[in-house]
Number of protein chains: 2
Amino acid sequence: MADLLDSAPQTPQMRILLAAGPIFADKGFRDTTIREICEAASVNVASVNYYFGDKQKLYHEAVLFARQMQAAQSPEPSWDESTPSADRLRLFIAMILKRMVVNEQAPWQVRLLLNEIQNPTETCVQLVEDYFRPFMQSLANLVRDIAGDPIDPLFANQLVLSIVGQCMIYRFAPQTLTMTLGDLFEDQDREQQLDRLTDLITHFSLAGIRAAVSKTKRQT
Amino acid sequence: MADLLDSAPQTPQMRILLAAGPIFADKGFRDTTIREICEAASVNVASVNYYFGDKQKLYHEAVLFARQMQAAQSPEPSWDESTPSADRLRLFIAMILKRMVVNEQAPWQVRLLLNEIQNPTETCVQLVEDYFRPFMQSLANLVRDIAGDPIDPLFANQLVLSIVGQCMIYRFAPQTLTMTLGDLFEDQDREQQLDRLTDLITHFSLAGIRAAVSKTKRQT
DNA sequence: CTTGTATTAAAACGGTTGTTTAATACAGTT
DNA sequence: AACTGTATTAAACAACCGTTTTAATACAAG
């Protein structure tokens, strides 16, 4: 799928784009030099400005390209009408964790996107509209489904954040996390480890949602 | 307490330190220029190298200084023997949320520390040993207490991360979060909003821990 | 008043950055 | 074969960075 792109990076523009992505992901926008990218892409220093205008526009294109590749590689989960809410939640959590690839070096596409949302540029508004907002929406609907009774939008969003937070914490400060707790998931195969963590967060969240909902219902 | 420091920033070193903190917190290490700091501190450009050696050492001192101020301003929660585990958990969560100051611009000390743990330098090992590791330890003990039965260390750490993650998600990508969901906590006073969120995460976590523990017990 | 030392100030240095220029190579068209 | 527009290159540019140098100044000790 993306192999087509990898096997045919003939045009200088594509070579630059493919070289820029990982470097931007590793070092951020400011610490990345055009010369570095051009060397990796085997093109002249002037090529970036020739094809992309300036460094900022190249970064913009690289982020959008990363999003495009990531969307193609791990699509949103799908289910039929009969799938229970609990199973749908598990599919969601599995997808988030899989995209973030716990403890292993995440692919540059993911790292670049995380970098962008933590230091947002103008590029981020496009990501929010095409990606994050719909994602949060469907998760909120799922939470509403699990909660049963109709709940306050703010409340639903907070529950969604509680779920997402449990996943994202593993990518919040990966190096510091490893420094603090050592290598989580060091032995055994990652596949099974990820499965267990998915189970943990799913059950944790299901119980959490129900407890929080019944608690607030009792208060009102 | 820290007012003593604020009211007496006479020495150039302290003026530089107090000027550097917020700037480093706002723009990160690389995007901050020595000239900028010196202008804010009303000292000559050469002063940073004269008093601190180089830019990196100044950054190091600024981070440690921020940690020192933050520790003095919001100390760890304390309780007596009779405090139930659930209440202790609530105190912990309240402290984390208070330190992160949901949705409001966090103080520069917090932003600088978050910046350091997300882009760790050598300074971070000191923060981990003096701060994060003990913090995670006591939270793990608390989780063990709530779980009742003895549990696997890895499992305990994952439960701790599920709790912490629910809090940190609000600081993971604050601007993008606001772009996606709008201003959470826009009306009403923040004090009460923080209280409600603390309650939510506490009940969510308590139920989550118990559900996850009983689930894994059932599996073994 | 002189000496010695610590501080401040201005200026410059060497290096790197993003970007531009100008020359060259080359394909396609007439 | 001459022309035209695009692609590619080497070189240079101007700006800014962290750091150093050098000199002027302040000031306490003798």
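Residue numbers start from 1 in every chain, and the chains themselves are labelled A, B, ... in the order their sequence lines are given, proteins ahead of strands. Predicted model only: the values in this text are computed from it and were never measured.
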Would you mind reading off the distance between [X] atom [atom1] and [N] atom [atom2], rounded to a whole angstrom?
X: A:Ile16; N: D:dT9; atom1: CD1; atom2: P; value: 10 Å
X: B:Asp31; N: C:dT17; atom1: CG; atom2: P; value: 14 Å
X: B:Tyr51; N: C:dA9; atom1: OH; atom2: C1'; value: 12 Å
X: B:Lys57; N: D:dT19; atom1: NZ; atom2: C1'; value: 12 Å
X: B:Phe52; N: D:dG18; atom1: CZ; atom2: C1'; value: 16 Å

Of all the heavy-atom pairs spanning [X] and [Y], show the shortest one and how long it is.
X: A:Ser78; Y: A:Leu91; answer: O-CD1, 4.2 Å
X: B:Thr202; Y: B:Thr198; answer: OG1-O, 2.6 Å
X: A:Val43; Y: A:Arg15; answer: CG1-NH2, 3.4 Å

Please tabulate the protein-to-nucleotide N/O contacts below 3.5 Å involving nucleotides 24-27 of chain D, giving atom names and distances.
none

query: With the threshold set at 4.0 Å, does a side-chain nitrogen-carboxylate oxygen contact exist between B:Arg67 and B:Glu116?
result: no

For the atom pair [atom1] ([X]) and [atom2] ([Y]), what is the distance rounded to the nearest 0.5 Å?
X: B:Ile117; Y: B:Phe132; atom1: CD1; atom2: CZ; result: 4.5 Å
X: A:Phe65; Y: A:Gln109; atom1: CZ; atom2: CD; result: 8.0 Å
X: B:Leu177; Y: A:Leu161; atom1: CG; atom2: CG; result: 5.5 Å

Could you list, one pair per line, each protein nitrogen or oxygen that sits under 3.5 Å from a nitrogen or oxygen of nucleotides 18-22 of chain C, together with the distance?
| residue | atom | partner | partner atom | Å |
| --- | --- | --- | --- | --- |
| C:dG18 | OP1 | A:Thr32 | O | 3.1 |
| C:dG18 | OP1 | A:Lys55 | NZ | 2.8 |
| C:dG18 | OP2 | A:Ile34 | N | 3.0 |
| C:dG18 | N7 | A:Arg35 | NH1 | 2.9 |
| C:dG18 | O6 | A:Arg35 | NH2 | 3.1 |
| C:dT19 | OP2 | A:Asn49 | OD1 | 3.4 |
| C:dT19 | OP2 | A:Lys55 | N | 2.9 |

message: Suppose we screen for salt bridge (Lys or Arg N to Asp or Glu O under 4.0 Å). Which residues come up paired with B:Arg133, at least two apart in sequence or across chains?
response: none

